[in-house]
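In what follows, a structure is listed as structure tokens, so that the remarks can point back to it.
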Amino acid sequence: MESINTLKGYDKVSDQENQIHHHHTPLPKPSSRKTLIATVSVVSLLLILAVVALTAGVFTHPPPHHPSISSASLKSVCAVTRYPETCFSSLSSSLNESDSKLNPESILELSLRVAVKNLSNLSISFRSINDMPEDAAVGDCVKLYTDALSQLNDSITEIEREKKKGGNWLTKEVVGDVKTWISAAMTDGETCSDGIEEMGTIVGNEIKKEMEMANQMMSISLAIVSQMKKLLLILH
């Protein structure tokens with residue numbers, strides 16, 4: 001009982017002290033302060049981990065640019081050409097978001113556009129070395145590749161015009177015209193190569209590589225349009 005009374009007396013003294021010092025703001029208890037610090041630390045750690053996780057996700061799992069079905073279609077089409085590896089690498093690197101659904105017709109158009117780009121670059125390269133009037137082979141190549149470029153652009157123009165009509169735009173007549181224009185463009189390229197070889201003209205390794213790539217891309221386009229009926233049966 002004495003101990004209980006002592007505790008009660010202690011409570012009274014504490015109450016009196018609180019009444020005397022009621023105007024002072026009590027300091028937070030040490031345990032409360034530790035709890036607050038611990039809570040802030042945990043929240044900060046969670047935020048840091050969340051940022052790290054999001055950052056890692058962005059860099060380790062980038063969204064695919066093109067569905068796998070497009071790659072499969074592209075490989076199937078490139079398989080009918082003489083240069084399947086060149087076909088796949090050149091065309092796949094030229095795809096954009098609008099090419100997410102590939103079919104033989106769209107791949108044909110894409111191959112023609114890549115061939116046009118290669119021919120344009122090659123024509124510029126030949127013009128850059130066409131500064132010697134006595135070197136007739138280079139001047140001939142400038143004209144030949146300009147004509148080849150025109151033939152491929154005619155192919156693209158006709159395809160776009162027929163597509164606007166709707167329906168089955170890739171008719172036998174369109175295929176025939178495109179094959180004729182691509183063949184004529186390839187003949188221009190071969191004539192340029194033959195002329196350079198006969199004249200012993202030195203054009204440099206870079207231009208030779210451009211010529212080879214341009215000729216391969218024209219061959220790829222010709223193979224695709226020539227095998228279009230077969231490709232439509234396989235992929236549709």
Side-chain angles (χ1 to χ4, degrees), residues 65-124 141 143-194 210-236:
H65 290 293
H66 308 288
S68 58
I69 189 171
S70 296
S71 296
S73 299
L74 189 55
K75 285 181 179 179
S76 297
V77 172
C78 287
V80 305
T81 71
R82 291 179 58 189
Y83 310 100
E85 292 182 2
T86 300
C87 174
F88 184 78
S89 61
S90 297
L91 300 188
S92 61
S93 63
S94 301
L95 290 171
N96 53 49
E97 293 302 324
S98 61
D99 299 314
S100 59
K101 293 183 180 179
L102 293 178
N103 53 51
E105 296 100 320
S106 62
I107 293 173
L108 170 61
E109 287 185 81
L110 180 62
S111 72
L112 285 168
R113 294 185 189 283
V114 173
V116 164
K117 183 179 179 180
N118 289 339
L119 281 178
S120 298
N121 293 335
L122 183 56
S123 182
I124 293 171
C141 284
K143 296 175 183 176
L144 287 166
Y145 278 115
T146 298
D147 182 69
L149 194 57
S150 176
Q151 303 282 1
L152 294 188
N153 280 323
D154 285 343
S155 298
I156 294 174
T157 299
E158 175 154 345
I159 289 174
E160 290 178 343
R161 182 172 60 245
E162 292 299 320
K163 281 176 66 177
K164 289 179 180 178
K165 295 179 181 179
N168 182 21
W169 59 269
L170 200 60
T171 62
K172 183 184 292 187
E173 289 74 18
V174 174
V175 169
D177 288 343
V178 172
K179 286 172 65 175
T180 298
W181 284 320
I182 297 175
S183 297
M186 291 181 67
T187 299
D188 288 332
E190 292 168 0
T191 302
C192 170
S193 298
D194 292 342
E210 289 183 32
M211 291 174 67
E212 181 65 21
M213 180 58 71
N215 291 337
Q216 287 188 16
M217 284 309 307
M218 288 188 287
S219 171
I220 287 167
S221 295
L222 182 60
I224 293 173
V225 72
S226 298
Q227 298 292 324
M228 184 58 66
K229 186 175 181 179
K230 173 185 175 181
L231 291 169
L232 288 173
L233 289 174
I234 294 174
L235 299 177
H236 276 199

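The analysis underlying the following values was restricted to heavy atoms, covering all of them including side chains, and did not include hydrogens, waters or symmetry mates. Owing to the predicted nature of the structure, the values given are computational and were not obtained by experimental measurement.
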If you measure from the Lys or Arg side-chain nitrogens to the Asp or Glu carboxylate oxygens, is any gap between Lys165 and Glu162 under 4.0 Å? yes

Would you mind reporting whether Ser120 and Leu149 have side-chain heavy atoms less than 4.5 Å apart? yes

Is any side-chain heavy atom of Glu105 closer than 4.5 Å to one of Trp169? yes

dist Glu212:CD -> Asn215:CG (nearest 0.5 Å) comes out at 6.5 Å

State the CG-CE distance between Leu222 and Met218, to the nearest 0.5 angstrom. 10.0 Å

From Lys117 NZ over to Ser94 OG, what is the distance, rounded to the nearest 0.5 angstrom? 6.0 Å

Do Leu95 and Leu102 make a side-chain contact, defined as non-hydrogen atoms from C-beta onward lying under 4.5 Å apart? yes

Out of curiosity, Gln151 CD to Ser183 OG, how far, rounded to the nearest 0.5 Å? 9.5 Å

Starting from the C-alpha separation in whole Å, work towards a yes-or-no answer on side-chain contact (heavy atoms from CB on, under 4.5 Å) for Ser90 and Met213. CA-CA 10 Å; Ser90 297; Met213 180 58 71; 4.1 Å; yes

Enumerate donor-acceptor pairs with a distance under 3.5 Å from any side-chain N or O in residues 172-182 to protein atoms, sequence neighbours excluded.
{"unit_1": "Glu173", "atom_1": "OE1", "unit_2": "Thr171", "atom_2": "OG1", "d": "3.4"}
{"unit_1": "Thr180", "atom_1": "OG1", "unit_2": "Gly176", "atom_2": "O", "d": "2.9"}

Less than 4.5 Å apart, side chain to side chain, heavy atoms only: is that true for Glu160 and Ile156? yes

Closest contact, heavy atoms only, Leu122 versus Ala214: CD2-CB, 4.0 Å

Contact between Leu91 and Ser111 at the side-chain level, heavy atoms closer than 4.5 Å - yes or no? yes

Assess the residue pair Asp188 and Thr191 against the criterion (side-chain hydrogen bond (donor to acceptor under 3.5 Å, both in side chains)); give the C-alpha distance rounded to whole Å, side-chain angles, the decisive distance to 0.1 Å, and a yes or no. CA-CA 5 Å; Asp188 288 332; Thr191 302; 5.4 Å; no

Please check if the side chain of Ser150 supplies one atom and the backbone of Thr146 the other of a donor-acceptor pair under 3.5 Å. no

Within this structure, what is the CG-CD1 distance for the pair Leu119 and Ile124, rounded to the nearest 0.5 Å? 11.0 Å

Check Glu109 with Lys163, please: is the shortest side-chain N to carboxylate O separation under 4.0 Å? yes

Ile224 and Pro104, any side-chain heavy atoms less than 4.5 Å apart: no

Shortest non-hydrogen contact from Ala223 toward Val80: CB-O, 3.9 Å

Here the gap from Met211 atom CE to Tyr145 atom OH, rounded to the nearest 0.5 Å, amounts to 4.0 Å

Locate the shortest heavy-atom distance separating Ala185 from Leu152; write the atom from each residue and the value. CB-CD2, 4.1 Å

Minimal heavy-atom distance between Pro84 and Thr81, with the atoms involved, is N-OG1, 3.4 Å

Side-chain donor/acceptor of Thr86 to backbone N/O of Tyr83, under 3.5 Å: no

Between Ile159 and Leu108, is there a side-chain heavy-atom distance shorter than 4.5 Å? yes

For side-chain contact (heavy atoms from CB on, under 4.5 Å), just list the numbers for Leu74 and Ser92, CA-CA rounded to whole Å, side-chain angles, deciding distance to a tenth of an Å, and then say yes or no. CA-CA 8 Å; Leu74 189 55; Ser92 61; 3.8 Å; yes

